[in-house]
Amino acid sequence: MEIIAVILILTGLVFDLGGTIGILRLPDVYTRLHMAGKLDTLGSLCLLLGLAVINAIPMGTAELFVSGKILLIVGLVFIASPTATHAMVDAGIRAGLTPWRKGDTRR
């Protein structure tokens, strides 16, 4: 169980690092939001699942309740993060923000 938890946590850290690098390196708001919506959500889910597994290892009642709460947070992140990303992209489109095109020099 500890090995599975460590693998989940390290996977989450790798996805979060990739999302952070993508947010810093990509050219416009839409591609940055895509990176945040995908990689940061997946990284957060892996981290939280790893924490739930680590917490549930002693198999006591209190530990299982805390792991259940962490799993509820996983569900909330799974629903809220992509929804918030979609809302921000929709607001950008309505505000007239144009997507980056190849050869465009603005950043």
Side-chain angles (χ1 to χ4, degrees):
M1 292 287 281
E2 289 178 7
I3 294 172
I4 292 171
V6 168
I7 290 171
L8 282 170
I9 290 171
L10 289 176
T11 302
L13 289 174
V14 168
F15 279 120
D16 280 342
L17 178 67
T20 303
I21 291 170
I23 289 171
L24 294 174
R25 298 278 303 160
L26 290 173
D28 73 335
V29 173
Y30 297 119
T31 55
R32 290 176 184 166
L33 282 173
H34 177 74
M35 188 64 62
K38 302 292 182 190
L39 286 181
D40 288 347
T41 301
L42 185 59
S44 298
L45 293 178
C46 288
L47 279 170
L48 287 170
L49 287 174
L51 291 175
V53 170
I54 284 257
N55 189 52
I57 288 175
M59 288 294 189
T61 305
E63 289 85 3
L64 290 177
F65 278 131
V66 172
S67 291
K69 290 177 185 179
I70 292 173
L71 292 177
L72 287 174
I73 294 170
V74 166
L76 178 68
V77 169
F78 187 71
I79 299 294
S81 182
T83 304
T85 302
H86 174 76
M88 287 186 276
V89 168
D90 189 46
I93 290 171
R94 290 175 189 258
L97 189 61
T98 58
W100 178 82
R101 303 234 189 272
K102 188 173 183 177
D104 196 357
T105 57
R106 69 177 169 88
R107 279 199 112 185

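Only heavy atoms go into these numbers, but all of them, side chains included; no hydrogens, no water, no symmetry mates.
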> When rounded to the nearest 0.5 angstrom, what distance separates CG in Leu64 from CG in Leu71?
Replying inline: 10.0 Å
> Any chain of hydrophobic side-chain contacts (each under 4.5 Å) joining Ile57 to Leu48?
Replying inline: yes
>> Could you walk me through whether Asp40 and Met35 satisfy the side chain to side chain contact (heavy atoms under 4.5 Å, CB included) test, starting with their C-alpha distance in whole Å, then the side-chain angles of each, then the deciding distance to 0.1 Å, before giving a yes or no?
In response: CA-CA 7 Å; Asp40 288 347; Met35 188 64 62; over 6 Å; no
> Per the side-chain contact (heavy atoms from CB on, under 4.5 Å) rule, which among Val6, Val53, Ile54 passes with Met1?
Replying inline: Val53
>> I'd like to know if Val74 and Ile79 are part of one continuous hydrophobic network [Ile/Leu/Val/Met/Phe/Trp/Tyr, side-chain heavy atoms within less than 4.5 Å].
In response: yes
>> Just verifying a value: how many Å separate Met88 CE and Thr83 OG1, rounded to the nearest 0.5 Å?
In response: 10.5 Å
> What distance separates Leu49 CG from Ser44 OG, expressed to the nearest 0.5 Å?
Replying inline: 10.5 Å
>> Please give me the minimum heavy-atom distance between Ile7 and Thr11, naming the atom from each residue.
In response: O-OG1, 2.7 Å
> Quick one: CZ on Phe15 to CG on Leu10, what's the gap to the nearest 0.5 Å?
Replying inline: 12.0 Å
> With the 4.5 Å side-chain cut-off for hydrophobic clustering, are Leu45 and Ile4 part of the same group?
Replying inline: yes
> Could you walk me through whether Ile93 and Tyr30 pass the side chain to side chain contact (heavy atoms under 4.5 Å, CB included) check?
Replying inline: CA-CA 9 Å; Ile93 290 171; Tyr30 297 119; 3.6 Å; yes
> With hydrophobic residues grouped by side-chain heavy-atom distances under 4.5 Å, do Leu42 and Ile73 end up in a single group?
Replying inline: no
>> Let me confirm one number: the CG-CD1 distance from Leu13 to Ile9, rounded to the nearest 0.5 Å.
In response: 7.5 Å
> When you measure from the side chain of Ser81 to the backbone N and O of Val77, does any donor-acceptor pair fall under 3.5 Å?
Replying inline: no
> side chain to side chain contact (heavy atoms under 4.5 Å, CB included) between Asp90 and Arg94: does it pass, once the steps are laid out?
Replying inline: CA-CA 6 Å; Asp90 189 46; Arg94 290 175 189 258; 3.0 Å; yes
> If you take all heavy atoms of Ala5 and Gly50, which pair is closest and at what distance?
Replying inline: CB-O, 3.6 Å
> Can you name the one residue among Ile21, Leu39, Leu47 that meets side-chain contact (heavy atoms from CB on, under 4.5 Å) with Asp16?
Replying inline: Leu47
> Where do Pro27 and Arg32 come nearest, in terms of heavy atoms and distance?
Replying inline: O-NH2, 4.1 Å
> In this structure, which one of Val89, Leu26, Ile23 forms a side-chain contact (heavy atoms from CB on, under 4.5 Å) with Leu33?
Replying inline: Val89
